[in-house]
Amino acid sequence: MTEPIRLPAPRPASCPHCGGDGFVFRIAQGRTVAEACACSKECALCGGSGRTFGHDDRGYSVLRGCKCGADPRRLALLTGLRLPVKFVSVSLDAYRPKNTDQAKAVARARRFVDEFVPRATGVRALLFCGPPGTGKTHLLTAMLKELALKKAVRGRYEEFFLLLSDIRDGFSKGLSSREWLEPLRSVDVLAIDEIGKGGKNREFEQGVLDEIISVRYNAGRPTLLATNYPRPGATWKFGAEGEVAESLEQRVGSRIYSRLHDLCDIVDVVGTDHRKEQHEVRETKLRASEESPSRGPRPTRG
Ligand SMILES: Nc1ncnc2c1ncn2[C@@H]1O[C@H](COP(=O)(O)OP(=O)(O)OP(=O)(O)O)[C@@H](O)[C@H]1O
Ligand SMILES: [Mg+2]
Ligand SMILES: [Zn+2]
Ligand SMILES: [Zn+2]
């Protein structure tokens, strides 16, 4: 029997909600959750279920995820990333390098995504190093998202400082270190942002980082990292408010630093603070509209 002719999945590129991705993120209990966009209900292939029937090489009937965006497996991967709210729509294409270091950084990020083979072990990881607002979190989150979408890679984003407080909570509820480490160990790609940023208990912070790095290393899975603390010899300095400037090596200790060196390519992401620049652009626009109100948006009647 011949298979019925399948119509291509609709490309709702004009959908105002998802811009053609077929999924959107919503916030539930402080976390970002991916769900099928309403436009995927009209998908000619799956009717919104996200699943289609096909045949494998031997002719057996198999259930596949639909490409329209409603595929429940893909949605679960996107939710599992635990992306911060501000970074759900980032992409590597949207990163606009402002200097050669940044161009190299985004090229390295892209190469990691392109070359990543799910379940291959011993992949070299990346550590993005740079001052505030140069796009390190942008790169980490965009990599995780693209790995999930293009290669069904199970990833997870963690901010080190928040992770520390989750771990403390876990301990106070009687969780063992094996229990809190397991979800961090088992994902294909883990991203830990802002390493070195901690509180007063440096011994505890270094211990946590050491355990995570070890457990990931033993599992043969890469850990992407970012930090504000410079590598030795860098031309910039960083010290959180009220702190003296330190290098990453001083901050995490030389033992962890040397392991990071062994496991990761250290990638400088230096440049001006994008947040500050955006703020200045907004201020300039506001000032311009105040100075010539006739060209600005009309005030609404209240
Ligand atoms: N080169 C760039 N092109 C486009 N957007 C950028 C670029 N650099 C930064 N941004 C945007 O600027 C904002 C700040 O960037 P991000 O938070 O990634 O910086 P960061 O290096 O992680 O800073 P911090 O060290 O303070 O955590 C984000 O919204 C990000 O998307
Ligand atoms: Mg950041
Ligand atoms: Zn849509
Ligand atoms: Zn579909």
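One-based numbering, in listed order, for ligands and for the atoms of each.
In this structure, CZ on Phe116 lies 8.0 Å from NZ on Lys151, to the nearest 0.5 angstrom.
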Can you produce the list of protein nitrogen or oxygen atoms under 3.5 Å from a nitrogen or oxygen of ligand 1, alongside each distance?
from	atom 1	to	atom 2	distance (Å)
ligand 1	1 (N)	Arg96	O	2.7
ligand 1	3 (N)	Arg96	N	2.9
ligand 1	17 (O)	Arg275	NH2	3.0
ligand 1	18 (O)	Thr137	N	3.3
ligand 1	18 (O)	His138	N	2.9
ligand 1	19 (O)	Gly135	N	3.1
ligand 1	21 (O)	Thr134	N	3.1
ligand 1	21 (O)	Thr134	OG1	3.4
ligand 1	21 (O)	Gly135	N	2.9
ligand 1	21 (O)	Lys136	N	2.9
ligand 1	21 (O)	Lys136	NZ	2.7
ligand 1	22 (O)	Thr137	N	2.9
ligand 1	22 (O)	Thr137	OG1	2.8
ligand 1	23 (O)	Gly133	N	2.8
ligand 1	23 (O)	Arg275	NH2	3.0
ligand 1	25 (O)	Lys136	NZ	2.8
ligand 1	25 (O)	Asn228	ND2	2.7
ligand 1	26 (O)	Arg275	NH1	3.3
ligand 1	26 (O)	Arg275	NH2	3.1
ligand 1	27 (O)	Glu194	OE2	3.4
ligand 1	31 (O)	His138	ND1	2.6

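By the criterion of a separation under 2.8 Å, the protein N/O/S atoms near the Mg ion (ligand 2) amount to Thr137 OG1.
Side chain of Ser40 to backbone of Ala36: no donor-acceptor contact under 3.5 angstrom is found. Using a distance-only test at 3.5 Å, with no hydrogens or angles considered, no donor-acceptor pair links the side chain of Glu35 to the main chain of Phe25.
Side-chain contact between Ile213 and Leu263 is present, with at least one heavy-atom pair separated by less than 4.5 Å.
Taking the ring axis of Tyr217 as reference, the NZ or CZ atom of Arg259 stays within 45° of it and closer than 6.0 Å to the ring centre.
For the pair SG of Cys66 and SG of Cys43, the angle at the Zn ion (ligand 4) is about 100°; rounding is to 10 degrees. Geometry about the Zn ion (ligand 4) gives an angle of 110° between SG of Cys46 and SG of Cys68, rounded in steps of 10 degrees.
With respect to Asp193 and Lys136, no salt bridge is recorded, no charged nitrogen being found less than 4.0 Å from a carboxylate O.
Donor-acceptor pairing under 3.5 Å is lacking for the side chains of Thr52 and Arg64. Under 3.5 Å, the side chains of Thr272 and Glu277 contain a donor-acceptor pair of N or O atoms. Counted by atom type alone, Gln102 and Tyr95 present one or more donor-acceptor pairs between their side chains at under 3.5 Å. If you check the side chains of Glu211 and Ser214, you find no donor sitting under 3.5 Å from an acceptor.
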